[in-house]
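Keep in mind it's a predicted model, so treat the numbers as computed, not measured.
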Amino acid sequence: MQRWIWMCLFILCACGGTGEDIIEIDYEGDLVAYATEASQIREDIVISRTDIASTVEAGNAQTSQFERYNDLLRSTVVVAIPPTSDARIVANDTIGALPVEVYDLSDGEMRFVQIGPAGEINDENCFIAKQQFFRTDSVAVFMTAVALNLRAGTTVSAEWRYGGELVYSNSWVAPQSVPYQCVSLTMRPSDAEFATGNWTVTLFVNGNPDEPKSFTIFSN
């Protein structure tokens, strides 16, 4: 009987020892797995830092490229429009007066379009290009317009003002009725001194004024 008791105790002890060994092995496996995972996480962090650094570097490089491009654009603008009075011939309506074909004249209404100062006209009294800046040695300043459905006897006049003061005025009377007519009224240095500063010129049609148009005269 005692022999069976001892044998049972021995078997139980042996089984208990084996169970402890299995548990210990499982713990050891988990630790190895955790260590492997931690190592992978560290590698991922290093890779992420590298990617971030690359992204930041790429972003800085792109920003630098944009800055260089902007500098190039600024340089191009400076070259095209130097910051001197020589570049102040800023014009609008640079293609000259629009042809009669672009207008609808069917209503018969008289009206004036493309009104403004110019520095040059052709043989038909049509402006070559509207101009806002002139020099004291300019040959003339022309107040120009295109008359549509112009009626005979219409009086077109201009008032030239410097510093708000009227310094010169002139006029023209339409000799006949025409559907399309270029009109120009001229101010020359012999008419008024081309003083430096801001000027305005106002076109009147039969005494009715249009909006004053401004221009500037610079010294040579």
Side-chain angles (χ1 to χ4, degrees), residues 73 76-162 164 166-192 194 196-218:
L73 287 179
T76 303
V77 171
V78 170
V79 171
I81 309 177
T84 66
S85 58
D86 292 336
R88 297 195 177 203
I89 308 302
V90 178
N92 53 45
D93 292 333
T94 55
I95 62 173
L98 296 175
V100 63
E101 291 79 13
V102 304
Y103 297 104
D104 181 7
L105 307 178
S106 61
D107 59 2
E109 179 185 358
M110 184 176 71
R111 60 189 188 277
F112 286 71
V113 296
Q114 291 190 281
I115 302 170
E120 186 179 359
I121 59 174
N122 58 25
D123 293 339
E124 289 75 33
N125 286 329
C126 287
F127 61 89
I128 305 301
K130 291 295 176 63
Q131 189 169 310
Q132 295 174 336
F133 299 92
F134 300 83
R135 292 189 174 281
T136 53
D137 64 352
S138 296
V139 175
V141 179
F142 302 94
M143 182 53 166
T144 61
V146 174
L148 305 176
N149 291 321
L150 180 64
R151 300 189 185 101
T154 298
T155 299
V156 182
S157 60
E159 289 188 354
W160 305 82
R161 295 179 180 271
Y162 172 69
L166 179 64
V167 297
Y168 181 64
S169 63
N170 51 350
S171 61
W172 172 83
V173 178
Q176 59 185 355
S177 296
V178 291
Y180 179 96
Q181 175 74 56
C182 289
V183 178
S184 65
L185 297 171
T186 309
M187 182 181 71
R188 303 183 185 277
S190 57
D191 300 319
F194 280 16
T196 59
N198 298 320
W199 290 68
T200 61
V201 55
T202 304
L203 189 75
F204 292 79
V205 178
N206 292 330
N208 298 314
D210 187 64
E211 290 293 329
K213 301 298 188 291
S214 61
F215 63 93
T216 304
I217 295 179
F218 291 92

Got a second to check how far Ile121's CD1 is from Cys182's SG, nearest 0.5 Å? 9.5 Å
Show the nearest heavy-atom pair for residues Pro209 and Phe204, with the distance to one decimal. CB-CE2, 3.4 Å
Where do Tyr168 and Ala192 come nearest, in terms of heavy atoms and distance? CB-CB, 4.3 Å
Can you tell me how far apart CD (Glu211) and OG1 (Thr202) are? Round to the nearest 0.5 Å. 8.5 Å
Looking only at non-hydrogen atoms, find the nearest pair between Leu98 and Val102 and report the distance. CB-CG2, 3.8 Å
Closest non-hydrogen atom pair, Pro189 against Ser138: CG-O, 3.6 Å
Nearest heavy-atom pair of Tyr180 and Ala97: which atoms, and what distance? OH-CB, 3.8 Å
Enter the distance from Glu159:CD to Leu203:CG here, rounded to the nearest 0.5 Å. 10.5 Å
Would you say the side chain of Gln114 lies within less than 4.5 Å of the side chain of Lys130, judging by non-hydrogen atoms? yes
Give the intermediate values and the outcome of side chain to side chain contact (heavy atoms under 4.5 Å, CB included) for residues Val139 and Arg188. CA-CA 6 Å; Val139 175; Arg188 303 183 185 277; 4.0 Å; yes
Strictly distance-based, threshold 3.5 Å: is any side-chain N or O of Asn170 a donor or acceptor partner for the main-chain N or O of Met187? no
Which heavy atom of Val201 sits nearest to which heavy atom of Phe215, and what is that distance? CG1-CE2, 4.0 Å
For residues 140-157, dump all side-chain donor-acceptor pairs below 3.5 Å to protein atoms at least two apart in sequence or in another chain.
unit_1, atom_1, unit_2, atom_2, d
Thr144, OG1, Gly116, O, 2.8
Asn149, ND2, Leu105, O, 3.4
Asn149, ND2, Glu109, O, 3.0
Thr154, OG1, Arg151, O, 2.7

Roughly how far apart are Ile217 CD1 and Phe133 CZ, rounded to 0.5 Å? 12.0 Å
How far does CD of Gln181 sit from CD of Gln176, to the nearest 0.5 angstrom? 7.5 Å
Do Val113 and Tyr103 make a side-chain contact, defined as non-hydrogen atoms from C-beta onward lying under 4.5 Å apart? yes
Thr136: partners by side-chain hydrogen bond (donor to acceptor under 3.5 Å, both in side chains), with sequence neighbours left out: Asn220
Ring geometry between Phe194 and Trp199 (parallel below 30°, tilted from 30 to 60°, perpendicular above 60°): perpendicular
Measure the spacing between OG of Ser184 and CD of Glu124 and express it to the nearest 0.5 Å. 11.0 Å
